[in-house]
Amino acid sequence: MSDDHIVCLVADRLIDGTGRDAIGNAAAVWQDDRLVSVGPRDQITIPRDARVIEGDDLTIMPGLFDSHVHLGAQAGMNYPRLLMTPRSLQLLYAVPNCAATLAAGVTTIRDAGLTPAGVKLAVERDLFPGPRMQVAVSILGQTGGHADDWMPCGAIVSLGSGVDIPDGVVDGIDGMRRRAREVLRAGGDWIKLCTSGGVLSASDDPTAAQLTVDEIAVAVYEAAAVGKRCMAHAMSAQGIKNALHAGVVSIEHGVFLDEEAIELMKQKHAYLVPTLAAPLDVISRAKREPGTLPEAMLRKAISTTDQHRRSFKAAVEAGVTIAMGTDSGVGEHGQNARELALMVDAGITPMAAITASTLTAAHLLHLDKELGSLEVGKVADLIAVKGDPLNEIALFNDPGRVRLVIKGGKLVKDSLTSAVPAATIA
């Protein structure tokens, strides 16, 4: 479908991303890349020269945000495949990964490491389709920690392409200062730190803290010096608290949150990006493809799932701010929106899950003045899904239910068949 100067999307309902009640019999109108009218159909005048798009049982929503992906990584952890994949080929998988993510209705992402800034630049230059991006480039952590690609046999097996990505292993304040500056030089919008152990690493424990508070703080300082911030892979309670004390604003995973960590998150106005899909994806992939993942990593994934849900539920009940993230790359790219149903199953309301995936995530990325909600004057990033997600949040488990994706006013996915002249719309 060609892009028109003025476009109107008419639907059964509209969820604007702010948390306000859904609007029935709604419409959104955009001109070029900006929204010019949003609201009930009977309160909107559709310009006669507009292209009008409609379909049955549609819900209009803002384009979704995923605050934790790895577009530079093939889907699923498969160590034999990693050993046999040239780095240049590994990087090229970012192209279909970007396209699948955008087609799923995710119009903005934060890449949490393993993806060079060149992928972001390529999408901005329309070399291939993809979401808007902020990138962390590298994943930084201590020797023997979650960012260390060392394997017990002595081999170094990188999960990413390594192209234009500074090495992730760093020790000491001076080492962290230099490495943080290298990440910023490489185009990092965020600095990603591993302040605890993790699942997909060979020699550490997810319940253990990693990096000292001083090491974390120097990365926070270097990021802030150029107007940027730090995010932390943080599963252990102490690792979470260390990150927060040092000034990290975004806690990824948060598997072993305790009451003190939850209270500190609230005091610091930090965000929790729960990635509930991540351990489930590790387990399902390992069972589906035996021999692709070390048994020790699978055991770690299995051991975290129940506590992960409990920690998320406790954080929600305490009022911690939640921003949606999936860890896609660990799982399939283009299945991102499954996270909404997982969040609801773990204790959040459908509307809160949608807000976490739209305006709240936009706040986290400092993009809320332009994106994240359907409001006049904002950028026209929006999607249309088949059905009512407030009554059927699991509709997002099927990417095919995302029928229309608009990014910056341009139709980048259209699986609707009804498009009629404005003159025929009453």
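Since the structure is predicted, the reported quantities are computational estimates derived from the model, not experimental observations.
Side chains of R110 and S250: a donor on one and an acceptor on the other come within 3.5 Å. If you check the side chains of H253 and T275, you find a donor sitting under 3.5 Å from an acceptor. With no hydrogens or angles considered, a side-chain donor-acceptor pair links R310 and Q307 at under 3.5 Å. Side-chain atoms of D111 and H70 include no donor-acceptor pair closer than 3.5 Å.
When the side chain to side chain donor-acceptor pair (under 3.5 Å) test is applied to K369, no partner is found at least two apart in sequence or on another chain. Applying the side-chain contact (heavy atoms from CB on, under 4.5 Å) rule to T18 yields the partners D16, R20, L359, S373, E375; only residues at least two apart in sequence or on another chain are considered.
In this structure, E392 contributes its side chain and G387 its backbone to no donor-acceptor pair below 3.5 Å.
When the shell of 6.0 Å around OH of Y79 is examined, it contains more than 12 heavy atoms from other residues, nucleotides or ligands.
Partner E252 forms a side-chain hydrogen bond (donor to acceptor under 3.5 Å, both in side chains) with one of H68, K192, H233 and no other, that one being H68. A side-chain hydrogen bond (donor to acceptor under 3.5 Å, both in side chains) with Q210 is found for one member of D205, T195, D204 and no other, namely D204.
Under the 4.5 Å side-chain criterion, counting only non-hydrogen atoms from C-beta, M133 is in contact with L71. Annotation: side chain of L293 is in contact with side chain of L200 (closest heavy-atom distance under 4.5 Å). Looking only at side-chain heavy atoms (C-beta outward), T207 and M235 stay at 4.5 Å or farther from each other. Under the 4.5 Å side-chain criterion, counting only non-hydrogen atoms from C-beta, K407 is not in contact with P129.
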